[in-house]
Undergrad: 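Below: one structure in structure tokens.
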Amino acid sequence: MSLDQSQISLTFPDGNARAYAAGITPAEVAADISNSLAKKAISATVNGAHWDLQWPIQTDASIAIHTLKDDAQALELIRHDCAHIMARAVQELWPDVKVTIGPVIDNGWYYDFDRAEPFTPEDLGAIEKKMKDIINLRDAVRTEVWDRDVAVKYYEDRNEPYKVELIEAIPGDEPLRMYWHGHWQDLCRGPHLQHTGQVPADAFKLMSVAGAYWRGDSNRAMLQRIYGVAFKNKEDLRKYLNMLEEAAKRDHRKLGREMDLFHMQEEAPGQVFWHPNGWTIYTTLQDYMRRRQRAYGYVEVNTPQVVDRKLWEASGHWDKYQENMFIVEVDEEHAREKAINALKPMNCPCHVQVYNQGLKSYRDLPLRMAEFGACNRYEPSGALHGLMRVRGFTQDDAHIFCTEDQIEAETAKFIEMLSGIYKDLGFESFDIKFSTRPDVRAGSDEVWDKAEAALEAAIRTVTDDFELDPGEGAFYGPKLDFKLTDAIGREWQLGTFQADFVLPERLDATYIGEDGAKHRPVMLHRAILGSFERFLGILIENFAGKLPFWLAPRQVVVASIISDADPFVHEVVAALQKAGIRAEADTRNEKINYKVREHSVGKVPVILAIGMKEVEDRTVTVRRLGEKQTKIVTLEEIVAQLSAEGTPPDLA
RNA sequence: GCCGCAGUAGCUCAGUGGUAGAGCGCACCCUUGGUAAGGGUGAGGUCGGGAGUUCAAUCCUCCCCUGCGGCACCA
């Protein structure tokens, strides 16, 4: 475009172009447009790349100048500069602390430090205060491009071994950018704000300190990671902190206690003692899943818990996962050696045993074998987390034995089943991730071609909107993962669908084909809820304990207002129970206010209050959870209404 | 598993080198009250487990267990 080599043409978002000298910086461009823009500018986008105001532009380009109004760029820069400002604050407070890396993450940033003493909550306060001082200095940001040798020497001289290692990991042809504000400096690819004063001093907060391995490697040093959050203004920060409070209120461990759903105790870490209320949800959900599976042509089986190591050796689990299995040794009196068994960590090898009983014909395929399989895995102690990560759990597991030609139809059918179930359980949408062949894999390329094509074609019958994750498939086959988003925007990976060409081989599963010869079936591993334990945790948090009526463990409390109403209360409870509703009477010597409060806190969806007026009219006053107003209906009406509501979605 | 923090009544939490306290809940009594806590009385604790220091440990030290927040892991 430009006639003169020293001239370049910059095109603005409105389509206008202007000529500038090559090497001009976005800061200068902004100044050329207006003084106020020059002041407000924070960064630019140049040919699609997020660009520091100080970086020169050498060629024709599209350019957009950003201000704090551009959320994505503003937040990125604010959080990024917060990371540096925090590192500077830490080194000003404790000069011997070594710095490492500090990336931007959702809502904020973290920075990893190497320091002998742990950071305390008081330290965080001091760092925060120091950060505010630094912001108030309004130090201009400079970036410099350095030679590697100079940079390495610089960091060696300053005893910053982590930085030296980082530089050594940067490919040789990339420039090393040094970022300075004031006298303090950090290695960083940028971009950055114009000066530290552009970071809002009242819209960030240091949240926590935690250990983190250097470069994510558990064999390397444990560093101290400080997490912070930052926003454009105080109000956004406040909203975020409120959201955290909201999430804490939904914590399934807290609600589990309050609603008397389950408990855990130290004699059985990572395992659940389900109380009547929790077990009611569990079995209601399981009954529902069992009906769905039947409707989709699955047969249900049940297989042993304690299985000889021989089977795990054959399946390959003994080699790979022995550390994570519960081992059960039995010392039999006349045996030469102890019998070594493992609690099953998964169901698939057992399902192949069921499959292998008797000869299978191609006419038997696809054979969809389901089990609510109770599994135990010795998860690392630090991984345990309420119901979300446990050592004893039950999967809604199934394996579909089929031919390669049946993969596509089975995949499509599975996605249909899964989306119906998620919808029934209150989750309207989900995302699909499609993981294809990894570098190290079993099976021929032809089989992989076929399997990947089949999976992809099957997804496309449902949606074109899926995320491709190349190379992330299991070594035995490609897979689909299903993620759903909960009521407060968190994502949970739940369902999975994996094609497996290896296990049928290892455990010698066969079928007789039309040609009369033996063939190898493909195994499709699939789960929709994953584990019941985890899914119930997610369900509780998604609904903040206010489960849909059909799943609510306590559906109705019929509460008397005065004792003279007690006989009618019991009559109403009996009528509701007869209609299959989980109803209980509350005829305690308490005021109606007290009863309403207690059952509201207990998340009971419907309270029926009964005083003398109701007794005379044979009516009930209905109060729904979360609603203030009440409604008077007849006994017959409420029974009909609630039994309709209590019908599981697949039976409605 | 690793780093840090924590563990006191059923729950939430206060507290002290001389073997403990509140609120809620629970039991009993009074109260029969119309939609988010009526009043009174009372019971309830091996202060996570073990060892050590000390005349004396719930408190200080060490080890272990469990939990919490991350990291690593998640067939």
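Note that this is a predicted model, so its numbers are computed, not measured.
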Undergrad: Suppose you measure atom C1' in B/A43 against the same atom in B/A9; what distance do you get, rounded to whole Å?
TA: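 The same atom, C1', in both gives a distance of 11 Å.
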Undergrad: Can A/Tyr321 be called stacked on B/A75 when the rule is centres closer than 5.5 Å and an angle between planes below 30°?
TA: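 Answer is yes, a stack.
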Undergrad: With a 4.0 Å cutoff (strictly under), does any side-chain N or O of A/Arg534 reach OP1 or OP2 of B/C74?
TA: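 The answer is no; no side-chain N or O of A/Arg534 sits under 4.0 Å from OP1 or OP2.
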Undergrad: Looking at B/A6, which nucleotide sits across from it as a Watson-Crick or G-U wobble partner, both distances under 3.5 angstrom, or is there none?
TA: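 Across any shown strand, B/A6 pairs with B/U66.
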Undergrad: If we call it a pair only when both distances are under 3.5 Å in a Watson-Crick or G-U wobble match, what pairs with B/G25?
TA: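 WC or wobble partner does not exist here.
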Undergrad: Can you tell me whether the side chain of A/Thr630 and the base of B/G34 have a donor-acceptor pair closer than 3.5 Å?
TA: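 Counting by modelled atom types and ignoring angles, no donor-acceptor contact under 3.5 Å is found here.
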Undergrad: Any strand is fair game: report the nucleotide pairing with B/U58 by Watson-Crick or G-U wobble, both distances under 3.5 Å, or none.
TA: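 For B/U58, the partner nucleotide comes out as none, under the 3.5 Å rule.
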Undergrad: Does A/Arg623 put a side-chain nitrogen or oxygen below 4.0 Å from OP1 or OP2 of B/A36?
TA: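 Answer yes for this pair, as a side-chain N or O of A/Arg623 is under 4.0 Å from OP1 or OP2.
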Undergrad: Hey, does the side-chain of A/Arg220 have a donor or acceptor N/O within less than 3.5 Å of a partner on the base of B/C2?
TA: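 Looking at the base of B/C2, it does not pair with any donor or acceptor on the side chain of A/Arg220 (distance under 3.5 Å).
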Undergrad: Any side-chain N or O of A/Tyr594 below 4.0 angstrom from OP1/OP2 of B/G39?
TA: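 For B/G39, neither OP1 nor OP2 has a side-chain N or O of A/Tyr594 closer than 4.0 Å.
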Undergrad: Would you indicate which nucleotide in B/C71, B/G38, B/A75 comes nearest to any side-chain atom of A/Lys591?
TA: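 Nearest nucleotide to the side chain: B/G38.
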Undergrad: Measuring from the side chain of A/Ser600 (C-beta onward, heavy atoms only), which nucleotide among B/C26, B/A36, B/G70 has the closest atom?
TA: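 From the listed options, B/A36 comes nearest.
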Undergrad: Does a side-chain N or O from A/Arg253 land closer than 4.0 Å to OP1 or OP2 of B/G69, or not?
TA: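 True: A/Arg253 side-chain N/O within range (under 4.0 Å) of B/G69 OP1/OP2.
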Undergrad: Step by step, work out the side chain to side chain contact (heavy atoms under 4.5 Å, CB included) result for A/Thr303 and A/Lys344.
TA: CA-CA 10 Å; A/Thr303 60; A/Lys344 68 174 169 187; 2.8 Å; yes
Undergrad: Taking the side chain as every heavy atom from C-beta outward, state whether A/Trp94 and A/Phe113 have any atom pair closer than 4.5 Å.
TA: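 Contact flag for A/Trp94/A/Phe113 side chains = no.
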Undergrad: To the nearest angstrom, how far is A/Leu206 atom CG from B/G69 atom C1'?
TA: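 Those two atoms, CG and C1', are 15 Å apart.
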Undergrad: In whole angstrom, what separates A/Asp586's CG from B/A36's C1'?
TA: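 Interatomic distance, CG of A/Asp586 to C1' of B/A36: 14 Å.
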Undergrad: Tell me yes or no: between the side chains of A/Ser600 and A/Glu598, is some donor less than 3.5 Å from an acceptor?
TA: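 There is no such pair (donor and acceptor under 3.5 Å, judged by atom type) between the side chains of A/Ser600 and A/Glu598.
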Undergrad: Using side chain to side chain contact (heavy atoms under 4.5 Å, CB included) as the criterion, list what pairs up with A/Gln91, not counting sequence neighbours.
TA: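 Scan of A/Gln91 (side chain to side chain contact (heavy atoms under 4.5 Å, CB included), adjacent residues dropped) gives A/Val99, A/Glu160, A/Trp184.
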Undergrad: Quick one: does A/Arg257 reach the base of B/C11 with a side-chain donor-acceptor pair under 3.5 Å?
TA: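 Absent.
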Undergrad: Is A/Ser208 close enough to B/G69 that one of its side-chain N or O atoms is under 4.0 Å from OP1 or OP2 there?
TA: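 For B/G69, neither OP1 nor OP2 has a side-chain N or O of A/Ser208 closer than 4.0 Å.
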Undergrad: Return yes when atom NZ of A/Lys546 has more than 12 non-hydrogen atoms of other residues, nucleotides or ligands closer than 6.0 Å, and no otherwise.
TA: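 No - once you tally the heavy atoms of other residues, nucleotides and ligands closer than 6.0 Å, there are 12 at most.
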Undergrad: Could you say whether A/Asn376 or A/Phe119 is positioned toward the 5' end of RNA chain B, judged by the nucleotide with the nearest heavy atom to each?
TA: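 Nearest-nucleotide comparison on RNA chain B picks A/Phe119.
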Undergrad: Hey, is the side chain of A/Tyr378 pairing donor to acceptor with the base of B/G1 inside 3.5 Å?
TA: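 When only heavy-atom distances are counted, A/Tyr378 does not reach the base of B/G1 through any donor-acceptor pair under 3.5 Å.
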Undergrad: Between the base of B/G34 and the side chain of A/Glu614, is there any donor-acceptor pair under 3.5 Å?
TA: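 By the distance-only test, yes, there is a pair.
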Undergrad: Of A/Ser563 and A/Tyr213, whose closest RNA chain B nucleotide lies nearer the 5' terminus?
TA: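 With A/Tyr213 and A/Ser563 compared, the 5'-side residue is A/Tyr213.
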